[in-house]
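To keep things clear, I will list the structure first and then write my remarks on it.
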Amino acid sequence: MSVIPGAWRRTAAGAGLLAADGAVSPTIFAEMSALAAETGAINLGQGFPDEDGPVEVIEAARRAIADGVNQYPPGRGTPDLRAAISEHQKRFYGLDVDPVTEVLVTVGATEALTATLLALIDGPDDEVVVFEPYYDSYAAAVALAGGTLRTVPLQAPDFQPDLDRLADAVTDRTRIILVNDPHNPTGSVFGREVLSEVVRLAHRHDAVIVTDEVYEHLAFHAPHTPIATLPGAAERTLTISSAGKTFSATGWKIGWLHGPAELVTAVVTVKQFLTYVGGSPFQPAVAVGLRLGDAFFADAAATLARKHELLGSGLRAAGFTVYTPQGGYFTLADASGIGGADGVAFCRSLPQRVGVGAIPLAAFLSPERRGEPASSGIVRFAACKKVSVLEEAVSRLASLRG
Ligand code: PMP
Ligand code: GLN
C-alpha cells in the first residue's frame with residue numbers, strides 16, 4: 001500500500017474518496033463513463049453534450065488563442081467577462097451586480113463551490129444544509145472543508161422539500177444553506193414558497209445562502225427564479241453558475257459566482273491558492289455567449305425539453321417509471337418494475353446487457369440512505385445528446401421489457 005500522509009487520508013476518507021483498501025476511488029461519473037467506453041455503450045451517464053455550442057462562442061475562443069490570449073488572466077477574471085456576467089444578471093433577472101467587487105470567475109462551478117465552502121466553513125460546528133439527493137462534489141467539499149453536512153430529503157414524485165423538515169434542519173449551527181436549482185439529479189425546479197422559506201430561515205439563523213444555478217437556462221416545465229432575486233436574499237447569497245451547460249462546453253471549466261463584496265473577497269482568498277486563475281482564451285468566448293440574443297437561450301431550453309420527451313417516452317415503453325423533470329440535463333426513472341430494484345447493480349450491468357450507460361441515484365445519496373427500497377431502483381439518464389443518439393438508446397433499452 002502506498003504511504004499517504006495521515007491528515008490527507010482522514011480528509012479523503014471523510015469525503016468518501018478512499019476505497020476500503022486505501023486507494024483513491026474514481027467519481028461515479030468517471031467509473032460509469034469508463035465502463036461505457038470499454039463496452040462501446042451509449043453513455044447517458046455523465047452529463048455532457050455530444051454537440052458543440054454556438055459557433056460564435058467557439059469562434060471567439062479560437063480567435064482568442066490565435067490572438068495570443070494565452071497567459072494568466074486577472075485573478076478575479078477578465079474585466080470584460082465580469083461585465084458580461086453582470087449584464088446577464090441584470091438582463092435576465094433584474095439583479096444589480098458590481099462587476100469589480102461582486103463577481104469572481106472560477107474554474108467551473110465546482111471550484112466556485114469548493115472555494116466557497118473552504119472560505120466559509122471553520123470546523124465541524126459549522127453545518128451545511130443540502131437537499132438530498134445532491135451533486136456528488138457537495139459532500140466531498142464539505143468534508144474537505146471540515147464542516148458537517150445536514151440533509152433535507154427530496155422525495156419522488158415531485159422532489160420538492162417538506163418545509164417542516166427544512167425548518168428542522170436549519171439551526172443556529174447552520175453556516176450555509178446550499179441550494180441547487182434547477183436540481184441535479186432530480187430535475188426539480190424549486191417553487192417560490194420553498195425559496196422564500198430558505199431566505200426566511202437564513203435570516204433567522206444568520207446563514208449564508210449558496211445557490212448552484214448551473215442549469216439556470218435549462219428550466220423548461222417551470223420558471224427558474226434565482227433565489228438572489230427574492231426580498232432580503234441578495235445581501236446573504238452567493239450565486240454560482242457556469243458556462244458548461246448553457247454553452248455546451250463542459251470541458252472549458254469557466255464558472256463564476258457573485259454576491260456581497262466581502263463574501264466574494266473571502267472566496268477569492270481561497271481560490272487564489274486553489275487554481276489562482278484559469279481558461280484565459282475561454283473567458284472572452286464566454287462573454288460572447290452571455291451576450292447572445294434571447295432566442296439562443298429560449299431555444300436551448302426548448303430543444304432540451306424535446307429530448308427529455310423522447311427519452312422519457314422511450315423509458316416508459318421499456319417499462320421504467322419515469323419522473324418527468326422540470327429542468328436540467330437529467331431524467332430519473334425507476335427500474336424496479338423490470339428487475340432493477342438494485343439500481344447500482346442495474347447500472348453496472350446495463351452497458352454490457354443493452355449497450356447504454358446510466359448512473360444510479362444512490363451516487364447522489366448519503367451512505368445511510370443508499371439502498372432504501374423507495375429509491376434504490378431509481379437511475380439517472382442524461383438527455384443532453386443528439387436526437388439520433390437518444391433514438392438509438394431508447395431502441396436498445398426497449399429490449400429490457402423482454
Ligand atoms: N453543479 C451541478 C449541479 C452540476 O451538475 C455540475 C456538473 N454537471 C456542476 C456543478 C459542475 O459544474 P462545472 O463543470 O462548471 O464545474
Ligand atoms: N455534472 C456532471 C453530471 O452530473 C458530471 C461532472 C463530473 O463528472 N464531475 O453528470
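Fair warning: this is a prediction, and the values are worked out from it, not measured in the lab. First listed ligand is number 1; within each ligand, the first listed atom is number 1.
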Would you call the rings of His217 and Phe297 parallel, tilted or perpendicular if under 30° counts as parallel and over 60° as perpendicular?
-> tilted
Parallel, tilted or perpendicular: which fits the ring planes of Phe247 and Phe296, with parallel below 30° and perpendicular above 60°?
-> parallel
Please check if any side-chain donor atom of [X] sits under 3.5 Å from a side-chain acceptor atom of [Y], or the reverse.
X      : Y      : value
Thr174 : Glu127 : no
Thr239 : Thr237 : no
Ser336 : Asp334 : yes
Thr275 : Lys271 : yes

Dump the pairs for me: ligand 2 N or O, protein N or O, distance under 3.5 Å, to 0.1 Å.
| unit_1 | atom_1 | unit_2 | atom_2 | d |
| --- | --- | --- | --- | --- |
| ligand 2 | 1 (N) | Tyr135 | OH | 3.3 |
| ligand 2 | 4 (O) | Asn184 | ND2 | 2.9 |
| ligand 2 | 4 (O) | Arg380 | NH1 | 2.9 |
| ligand 2 | 4 (O) | Arg380 | NH2 | 3.4 |
| ligand 2 | 8 (O) | Gln46 | NE2 | 2.6 |
| ligand 2 | 9 (N) | Tyr135 | OH | 3.3 |
| ligand 2 | 10 (O) | Gly47 | N | 2.7 |
| ligand 2 | 10 (O) | Arg380 | NH2 | 2.6 |

Is there a donor-acceptor pair closer than 3.5 Å between any side-chain N or O of Ser248 and the backbone N or O of Gly244?
-> no
Is NZ or CZ of Lys245 both nearer than 6.0 Å to the six-membered ring centre of Phe48 and within 45° of the ring axis?
-> no
Asp212 and Tyr138: CA distance, side-chain angles, deciding distance, side chain to side chain donor-acceptor pair (under 3.5 Å) verdict = CA-CA 10 Å; Asp212 172 351; Tyr138 295 1; 2.6 Å; yes
Can you name the residues that come within less than 4.0 Å of ligand 1, going by heavy atoms only?
-> Gly108, Ala109, Thr110, Tyr135, Asn180, Asn184, Asp212, Val214, Tyr215, Ser242, Lys245, Lys253
